[in-house]
Amino acid sequence: MTEPLDGQDINHQEDRMGKLDGRVVFITGGARGQGEQEARLFVAEGARVVITDVLDEQGEALAKELGPEVARYLHLDVSREEEWTAAVTAAKDAFGSVDGLVNNAGILRFNALVDTPLDEFMRVVQVNQVGCFLGIKTVAPEIGAAGGGTIVNTASYTALTGMSAVGTYAATKHAILGLTRVAAMELAHLGIRVNAVCPGAIDTAMSNPAQLDPTADHAETSAALDDLYRKLVPLGRVGKPEEVAALALFLSSQDSSYITGQPFVIDGGWLAGVSLF
Ligand SMILES: NC(=O)c1ccc[n+]([C@@H]2O[C@H](COP(=O)([O-])OP(=O)(O)OC[C@H]3O[C@@H](n4cnc5c(N)ncnc54)[C@H](O)[C@@H]3O)[C@@H](O)[C@H]2O)c1
């Protein structure tokens, strides 16, 4: 922290060195949940962000709140290649270049494998796995042209272990780690580092759909989730999207300058082992 000089407060946001000063980061699924917190934190750390999603009203509102100098919203269904091409062109028009990507968009469906309709399986693959692939394919050349940067892929706890009833989701999240490792190898020569976050249970609409119900008591539903995870997770609570954003910041900043191709588990210790008592 800098000491004030002559009674002046020089700790203004504009005087502070941010971990992402000068960066332009493209975030998918950024209208709510973890993507929203990543957008907020990255702007607080000096980045300009391109928030993309299929939830246009929420995405527009977030970008407006953050301000047009530092945030833009663009519609992007990550499963559609032509929308990626258009969004990356629009992002460059807005901010000149792109040197960071957070592949965050994802969907979850519950079904035993033998009960999963093929259409459902394919939709989860299209959003989670194809979306991540198209992000790397479309944005990496721009990051390379900008002189290098970072890609953070959002996998999951279920990228590293099984979980019944979410087989389709787990398969796509395992695939994201494969994409992460190969992209890290293929893109290193362009100065691009590629890593993955593997969250456990995080208190967003995905794990806690009551968040989408305006009549629900959100404190109560979060407490109920905590109760569930108190038994499962050594740290005894559900995670916060802000905590995943902090990990994405680490992986997008110079603090992780010698790290690429790795999965980073953020799960309150869930994967550490099984507790008998
Ligand atoms: N919440 C958890 O417990 C948890 C755990 C592990 C991993 N994850 C992963 O974290 C990421 C963020 O999820 P979240 O927890 O913030 O949940 P969320 O449902 O709040 O956020 C997901 C976002 O992705 C967007 N999205 C969905 N389909 C899309 C598409 N076709 N194109 C573009 N955007 C689309 C949604 O509109 C939403 O804004 C996801 O990849 C999810 O799989 C979540």
Side-chain angles (χ1 to χ4, degrees), residues 26-41 50-63 73-84 86-87 101-110 120 122-135 138 152-161 163 166 168-177 179-180 196-213 218 221-222 225-226 228-229 232-233 237-245 247-248 263-268 270-271:
F26 194 104
I27 302 173
T28 69
R32 73 179 190 205
Q34 295 174 48
E36 174 187 346
Q37 295 308 325
E38 285 156 357
R40 290 183 184 282
L41 181 59
V50 181
I51 299 162
T52 67
D53 209 303
V54 290
L55 298 175
D56 296 337
E57 207 174 309
Q58 276 173 264
E60 293 281 9
L62 177 60
Y73 174 77
L74 299 170
H75 178 91
L76 169 62
D77 178 337
V78 293
S79 67
R80 301 181 66 96
E81 187 164 20
E82 72 282 5
E83 292 192 17
W84 270 104
L101 168 66
V102 180
N103 275 316
N104 163 76
I107 57 173
L108 171 67
R109 297 288 181 270
F110 291 96
E120 179 178 298
M122 293 311 294
R123 186 58 194 156
V124 177
V125 168
Q126 282 292 329
V127 176
N128 296 3
Q129 183 175 336
V130 174
C132 181
F133 157 68
L134 288 175
T138 318
V152 176
N153 296 324
T154 306
S156 165
Y157 167 98
T158 62
L160 294 154
T161 187
M163 185 181 287
V166 297
T168 307
Y169 181 83
T172 62
K173 295 300 187 177
H174 275 69
I176 286 172
L177 293 192
L179 288 169
T180 300
V197 295
C198 299
I202 307 299
D203 193 2
T204 66
M206 184 174 281
S207 282
N208 183 7
Q211 283 194 4
L212 302 177
D213 177 358
H218 294 158
T221 57
S222 289
L225 264 195
D226 268 349
L228 170 65
Y229 289 106
L232 293 174
V233 172
R237 62 173 176 84
V238 69
K240 300 185 188 109
E242 292 87 342
E243 293 174 308
V244 181
L247 177 56
F264 285 80
V265 177
I266 172 164
D267 70 346
W270 200 358
L271 264 183

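None of these values were measured; they are calculated from a predicted model. Ligands are counted one by one from 1 in listed order, and the atoms in each one are counted from 1 as well.
Salt bridge status for Glu57 with Arg32: absent, with no side-chain N to carboxylate O gap under 4.0 Å.
Residues passing the salt bridge (Lys or Arg N to Asp or Glu O under 4.0 Å) test with Glu83 are Arg80, sequence neighbours excluded. Shown here are the salt bridge (Lys or Arg N to Asp or Glu O under 4.0 Å) partners of Glu242, two or more places apart in sequence or in another chain: there are none.
Using a non-hydrogen distance threshold of 4.0 Å, Thr28 does not register as a contact of ligand 1. The closest approach between Ala201 and ligand 1 falls below 4.0 Å for a heavy atom of the residue.
Heavy-atom proximity to Asp77, at under 4.0 Å, picks out these atoms of ligand 1: 30 (C), 31 (N), 32 (N). In the vicinity of Arg123, heavy-atom distances shorter than 4.0 Å reach the ligand 1 atoms 31 (N).
Of the polar atoms of Val78, at least one N or O is found under 3.5 Å from an N or O of ligand 1, judged by distance alone. Checked by distance only, ligand 1 and Thr154 stay at 3.5 Å or farther apart across all their nitrogen or oxygen atoms.
Counting heavy atoms under 4.0 Å from ligand 1, residue Ile202 touches it through both backbone and side chain. Contacts with ligand 1 closer than 4.0 Å are made by side-chain heavy atoms of Lys173 only, the backbone lying farther away. The proximity of Tyr169 to ligand 1, defined as any non-hydrogen pair under 4.0 Å, is limited to the side chain.
When only non-hydrogen protein atoms are considered, atom 40 (C) of ligand 1 lies nearest to Asn104 O, 3.1 Å. Shortest contact from atom 6 (C) of ligand 1 to any protein heavy atom: Pro199 O, 3.2 Å.
Between the side chains of Asn128 and Tyr169, no donor N or O sits under 3.5 Å from an acceptor N or O. Looking only at atom types and distance, the side chain of Thr180 has a donor-acceptor partner in the side chain of Asn153 under 3.5 Å away. In this structure, a donor-acceptor pair under 3.5 Å is present between the side chains of Ser79 and Arg123.
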